[in-house]
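Encoded as structure tokens, the structure appears first; notes follow it.
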Amino acid sequence: MAEKAKDSEAIFDRLKGWYKDDIDKTRAWRKNAKEHFDFVAGNQWSDDDLAAMQEQKRPVLTFNNIAPLANAVVGSEMNNRREMRFIPREQGDAHANEILTAGGEWFRDEANAEYEDSEAFRDVIIGGLGFMDTRLDYEDDPDGAPLAERIDPFEMVFPATARKLNMTDAPRMFRVREMSIEEAQDMFPDMPKEALHAGWARDDAGRDNPHQVNHGNRYSDDNQGERTFEAGEKVVIVEARWLEREPYYRGLDPQNPQAMREYTAAEVKQINKEMPELVPSLKLVRQMRKVARRAFLGNSLLAEIDSPLAPQGRLGWDVMTGYFDTKDGLFYGIVRAAIDPQRWTNKFFSQIMHLLNSQSKGGLLAEKEAFDNIRQAEETWASPDAITWVNAGALQSGQIQPKPPAQFPQGFFALFNESKEAITQVTGLSREFIGTREVDQAGVLENTRKQSSLGVLASLFNALRLYRKRQAETILYLLQNYLSDGRLIRVVGKGQEQYLPLVRQADKKYDIIIDDSPTSPNEKERTWAVMQSLFPLIGNMVTPDILLELLELSPLPASLVASIRERSKQAQEQQSQQPPQPSPEEIAAKTKAESAQADLAVKQQLGQMKLQEKATDLMVTQRKAEIEAGTAEQKARLDAQRLAIEESRNAIRRISEARRGSAI
């Protein structure tokens, strides 16, 4: 027990020493960052300037031109979200793992990560540093609830040696938090109250210092003394995270000689002790790796050393960094360059108001003897329909003269306008990007100037992209090791939605792709503009399925796109219930059989037609013969009839002649 306490004391002293090494650099950054945050909030006058202005009874004016700069950059990030995709490293086509990718989206949705990311990115834009904590919260959900939390940058103490983008080279970090004594006791119920306050870090527990408990001198840095804490009293807890180099061994697996495995130093020691003859065959190689450690500090070490829930070699706190000042070794945002122009703009505005207030705005300079009646002159001078009487010769002698108008120093307004324009010049952000340009201009020129401003901000968005990749690695680690408990994850793809269980898969390595999110407004507008220009060329290639995918990228409301997709799904289901359509081979065979059958039917019809034709010819021949025979018989009958008629006529004629002869 005594040895353990001695080790804890040694660890506490080492962490406290690291803290004191780093705090000076952190305090220098905080001093600058506080001024930058104050300027964005509109607190742009120093205490000395305010006191001087109030003493002289001069107006104190603030025209905040810096806040729109910060808001425009943060708004650009909000309108251009990114999404993560996990692609397994395996042979064959590189398709994203839909379950893990959907799990990552679910994690960020549950944790409201995109809103926290925007707040941390705002810290970067203003102060140059933004901090995020991506972890699991076991207070609200015993199985672990996703949590992505922005950390107040003024709570963090970072190493003085960190130089790389997003402080990827930071070997340690500290988080100094102020909390009530009751909250501290809930976190560490086994520790006495007097051990729960890190008095040596009290000045770093908030943005303005100001952790003072008003209990005399009993909170000195090095003399912690015995004391009691009242209910509601504030204490300071320091969370420390650091990296250690840990040895390990790699060698052959005795159970599978074709594979490699890792051995801890304790395992190798045990093998050497129990089976020394096995060691040469394992071919062990000693290597080193980084391992993260975590501890809580008060007046002593408050908890046993553990490891944060983060990928190996990672502290678990993700950082976004702005521009880097190599001279001071400090990170800063875009506000630093705009402070001097903003300060002088405010002073020029105040100076103009002071000059206008302190100089004449009309009136006269007159000698007492110039007016016949001074009272009458005071009453009638400003009246347009009254006469002001003066003594003889007063006007000619110059006894009455107007007061001189206000005179501004030469070049005053040129400097004033230059100070206003300098804010956009020193930051490189155009008025089109900020949205404050009032002159109408061509849309192409407008977009070009906006894009040029994004080029100026490329290094900041580069840090944001690296942060999202590192956060995706943390989310993947948590999904594979702590959240693969069978909970259902909504997977969207192939035109349909389904719920699949999130289960642990075989250990695989994944490439993490941070891609433009097709749901961001700006990305939708750009994509749809490009698609409109391509539709005339690819119109014949767009099938209904492709059209549904394109609708996801359109600026149409999501509810309308979902309704169209649902109706299309219903139509596909109805179509699937109908008999399946024959394959092209079946159609070709059927067509060939029908064609052969049709040819046979045609041949049969032709044969029947030929038989009918022969029968018809025979009937025609017979009919002709019948007609010819009937014609001869009819001719003979007619000839007989004509002969009989002729004989009757001759007989009548003879009778008539006989009667005429008798009469004579």
If you count every heavy atom of other residues, nucleotides or ligands that lies below 6.0 Å from [X] atom [atom1], does the total exceed 12?
{"X": "Gln270", "atom1": "CD", "value": "no"}
{"X": "Lys25", "atom1": "NZ", "value": "yes"}
{"X": "Tyr115", "atom1": "OH", "value": "no"}

Any side-chain heavy-atom pair from [X] and [Y] closer than 4.5 angstrom?
{"X": "Arg241", "Y": "Arg314", "answer": "no"}
{"X": "Leu252", "Y": "Met260", "answer": "yes"}
{"X": "Glu119", "Y": "Val74", "answer": "no"}
{"X": "Leu302", "Y": "Met187", "answer": "no"}
{"X": "Asn299", "Y": "Leu196", "answer": "no"}
{"X": "Val40", "Y": "Val335", "answer": "yes"}
{"X": "Thr134", "Y": "Leu147", "answer": "no"}
{"X": "Arg175", "Y": "Ile151", "answer": "yes"}

Would you sort out whether Lys234 and Glu178 count as a salt bridge (Lys or Arg N to Asp or Glu O under 4.0 Å), showing the intermediate values?
CA-CA 6 Å; Lys234 299 293 184 180; Glu178 186 181 62; 5.7 Å; no

Side-chain donor/acceptor of [X] to backbone N/O of [Y], under 3.5 Å:
{"X": "Asp169", "Y": "Arg163", "answer": "yes"}
{"X": "His36", "Y": "Gly127", "answer": "no"}
{"X": "Asp328", "Y": "Leu330", "answer": "no"}
{"X": "Arg30", "Y": "Phe154", "answer": "yes"}

Value rounded to 0.5 Å, distance of [atom1] in [X] from [atom2] in [Y]:
{"X": "Lys164", "Y": "Thr321", "atom1": "NZ", "atom2": "OG1", "answer": "12.5 Å"}
{"X": "Leu282", "Y": "Ile271", "atom1": "CG", "atom2": "CD1", "answer": "5.5 Å"}
{"X": "Ile11", "Y": "Ile305", "atom1": "CD1", "atom2": "CD1", "answer": "4.5 Å"}
{"X": "Asp21", "Y": "Trp18", "atom1": "CG", "atom2": "CH2", "answer": "10.0 Å"}
{"X": "Trp242", "Y": "Arg14", "atom1": "CH2", "atom2": "CZ", "answer": "6.5 Å"}
{"X": "Glu116", "Y": "Asp133", "atom1": "CD", "atom2": "CG", "answer": "10.5 Å"}

Could you walk me through whether Glu9 and Ser300 pass the side chain to side chain donor-acceptor pair (under 3.5 Å) check?
CA-CA 7 Å; Glu9 185 177 354; Ser300 61; over 6 Å; no

Could you walk me through whether Arg150 and Asp123 satisfy the salt bridge (Lys or Arg N to Asp or Glu O under 4.0 Å) test, starting with their C-alpha distance in whole Å, then the side-chain angles of each, then the deciding distance to 0.1 Å, before giving a yes or no?
CA-CA 10 Å; Arg150 171 232 176 215; Asp123 295 336; 2.7 Å; yes

Does the side chain of Tyr248 pick up a donor-acceptor pair with the side chain of Gln287 at under 3.5 Å?
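Checked: Tyr248/Gln287 side chains pair up, N/O donor to acceptor below 3.5 Å.
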
Whether the Gln471 and Arg108 side chains hold a donor-acceptor pair (N or O, under 3.5 Å, no angle test) is what I'd like checked.
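Short answer, yes.
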
Considering all heavy atoms, the nearest [X]-[Y] contact:
{"X": "Leu315", "Y": "Ala170", "answer": "CD1-O, 4.0 Å"}
{"X": "Asp325", "Y": "Tyr332", "answer": "N-CE2, 3.8 Å"}
{"X": "Met320", "Y": "Ala120", "answer": "CE-CB, 3.4 Å"}
{"X": "Pro254", "Y": "Leu278", "answer": "CG-CD2, 4.5 Å"}
{"X": "Phe12", "Y": "Leu297", "answer": "CD1-CD2, 3.9 Å"}
{"X": "Leu309", "Y": "Tyr477", "answer": "C-CE2, 4.0 Å"}

Between Tyr19 and Trp200 (judged by ring centroids, cut-off 6.0 Å), do the two rings come close enough to count as a pair?
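Centroid separation for Tyr19 and Trp200: below 6.0 Å.
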
Tell me if the centroids of the rings in Phe188 and Phe296 come within less than 6.0 Å of each other.
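Under 6.0 Å, so yes.
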
I would like to know whether Leu460 and Tyr323 meet side-chain contact (heavy atoms from CB on, under 4.5 Å); could you show each step before the answer?
CA-CA 7 Å; Leu460 298 178; Tyr323 306 109; 3.8 Å; yes

Determine, stepwise, if the pair Glu473 / Leu476 fulfils side-chain contact (heavy atoms from CB on, under 4.5 Å).
CA-CA 5 Å; Glu473 293 172 353; Leu476 177 62; 5.7 Å; no

Could you tell me whether [X] and [Y] have a side-chain N and a carboxylate O separated by less than 4.0 Å?
{"X": "Asp306", "Y": "Arg293", "result": "no"}
{"X": "Glu267", "Y": "Lys273", "result": "no"}
{"X": "Arg135", "Y": "Glu149", "result": "yes"}
{"X": "Arg250", "Y": "Glu262", "result": "no"}

So Glu274 and Lys269, salt bridge (Lys or Arg N to Asp or Glu O under 4.0 Å) or not? Walk me through it.
CA-CA 9 Å; Glu274 298 179 357; Lys269 185 177 180 180; over 6 Å; no

Test salt bridge (Lys or Arg N to Asp or Glu O under 4.0 Å) on Glu77 and Arg468 and set out the steps.
CA-CA 12 Å; Glu77 183 274 332; Arg468 283 177 170 149; 2.6 Å; yes

Any chance you could lay out the side-chain contact (heavy atoms from CB on, under 4.5 Å) test for Thr264 and Val268, step after step, and finish with the verdict?
CA-CA 6 Å; Thr264 64; Val268 172; over 6 Å; no

Parallel, tilted or perpendicular: which describes the rings of Phe158 and Trp29, with under 30° parallel and over 60° perpendicular?
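If you compare the ring of Phe158 with that of Trp29, the planes turn out perpendicular.
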
Cation over ring face, Arg465 and Tyr467, 6.0 Å, 45°:
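The answer is no; the distance or angle limit is not met.
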
Would you sort out whether Val176 and Ile237 count as a side-chain contact (heavy atoms from CB on, under 4.5 Å), showing the intermediate values?
CA-CA 6 Å; Val176 185; Ile237 301 294; over 6 Å; no

